[in-house]
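Each chain gets a letter, A, B and so on, in the order the sequences are listed, and its residues count up from 1. Here the structure is a predicted model, which is why all the values come from computation and not from measurement. Hydrogens, waters and symmetry mates are skipped; everything else that's a heavy atom, side chains included, is used.
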Protein chains: 2
Amino acid sequence: MGASKVDIYSNEINEIAAIAKVFSHPARVAILQYISTQEACICNDIVDEIGLAQATISQHLKVINDAGLLKGTFEGKSLCYCINVERFQELQELFNSFFNKTKLNCC
Amino acid sequence: MGASKVDIYSNEINEIAAIAKVFSHPARVAILQYISTQEACICNDIVDEIGLAQATISQHLKVINDAGLLKGTFEGKSLCYCINVERFQELQELFNSFFNKTKLNCC
DNA sequence: ATTTGTTATCGTAATATTGCAATAATACAA
DNA sequence: TTGTATTATTGCAATATTACGATAACAAAT
């Protein structure tokens, strides 16, 4: 046991849960916030900004990236991370649509 | 290690992560959706509807409840669950405010 | 008081997540 | 090519989550 039974839920439900999972760790929320507040989309100083090891940040970035939320471009030696705003917007809308639907039928 | 370093993040960031965690498991999303789609706020047949053991559902309900998202009233023998719409709305707004702020400063 | 129906809690096993050091991989500069 | 800077990956160890059976706790009815 211990594994989530993904197959017993609808695609919509699994999608909402998958989106929420990205934001369910403070490091990932902090990374997204930090990237967004930088003038240009700044890179490896995420590690300095947040107090976690480089390997850990890289791992969290992978989770964020797997959700389609990052665009990266190389600038000199370093990789310049940027939020994929279109996808970000899309997730927000999916989430809101779930919230709104749920509120509607409520007693 | 393996424990999240909650103390190195701001309250706002931890709050967003905590909200997201509630929705990060498909069972909890399914439970919320199911409760909302019932005419009256129906009770223990959540167990029948979703294919999980009663103990497991109860555990998920506790997580949802700890986030302030449930109102329960006794009706005869059984506990009648209902979504706390005000709190639900509040979480939606907190989430949206994070999304909107993040989108704003984006490159 | 006993039974019945309902929900919560406990104990435990399986799996997932988090975090880091070490190391690989990559890109640029000299 | 060699060195330097940056990011990804690998391989653990620690902790958290998920799931379930068993059992407790509670309310209502008999």
task = Take the protein atom CG of A/Asn14 and the nucleotide atom P of D/dT18, then report the distance between them rounded to whole Å.
result = 13 Å
Can you give me the N/O atom pairs linking the protein to nucleotides 8-10 of chain D at distances under 3.5 Å, or say none if there are none?
{"residue": "D/dA8", "atom": "OP1", "partner": "A/Tyr81", "partner atom": "OH", "Å": "2.3"}
{"residue": "D/dA8", "atom": "OP2", "partner": "A/Ser58", "partner atom": "OG", "Å": "2.9"}
{"residue": "D/dA8", "atom": "OP2", "partner": "A/Tyr81", "partner atom": "OH", "Å": "3.3"}
{"residue": "D/dA8", "atom": "N7", "partner": "A/Gln54", "partner atom": "NE2", "Å": "2.8"}
{"residue": "D/dA8", "atom": "N6", "partner": "A/Gln54", "partner atom": "OE1", "Å": "2.7"}

query = Which residues pass the side-chain hydrogen bond (donor to acceptor under 3.5 Å, both in side chains) test with B/Glu93, sequence neighbours left out?
reply = B/Gln89
request  = Nearest whole angstrom, please: distance from the C1' of D/dA16 to the CG of B/Asp66.
outcome  = 16 Å
message = Assess the residue pair A/Ile19 and A/Leu94 against the criterion (side-chain contact (heavy atoms from CB on, under 4.5 Å)); give the C-alpha distance rounded to whole Å, side-chain angles, the decisive distance to 0.1 Å, and a yes or no.
response = CA-CA 9 Å; A/Ile19 293 171; A/Leu94 279 166; 3.8 Å; yes
query = Can you tell me how far C1' of D/dT17 sits from CZ of B/Arg28, to the nearest Å?
reply = 9 Å
inquiry  = Just the rounded figure in Å: distance from P of C/dG19 to CG of A/Leu52.
reply    = 5 Å
ask   = Who pairs with A/Asp66 by side-chain hydrogen bond (donor to acceptor under 3.5 Å, both in side chains), at least two apart in sequence or on another chain?
value = A/Lys62
query = Does some side-chain heavy atom of B/Ile46 sit less than 4.5 Å from a side-chain heavy atom of B/Leu52?
reply = no
task = Return no unless some side-chain N or O of A/His60 is found under 4.0 Å from OP1 or OP2 of C/dT17.
result = no
Stepwise side-chain contact (heavy atoms from CB on, under 4.5 Å) test for B/Phe23 and A/Phe23 = CA-CA 10 Å; B/Phe23 299 92; A/Phe23 300 92; over 6 Å; no
inquiry  = In whole Å, I'd like the distance from the NZ atom of B/Lys21 to the C1' atom of C/dT17.
reply    = 9 Å
request  = Nearest whole angstrom, please: distance from the P of D/dT17 to the NE2 of A/His25.
outcome  = 10 Å
message = For a side-chain contact (heavy atoms from CB on, under 4.5 Å) check, start with the C-alpha distance between A/Arg87 and A/Lys71, then their side-chain angles and the critical distance, and finish with the verdict.
response = CA-CA 10 Å; A/Arg87 177 65 173 156; A/Lys71 287 191 291 194; over 6 Å; no
request  = Figure out the CD1/C1' separation between A/Ile57 and D/dT6, and round it to whole Å.
outcome  = 14 Å
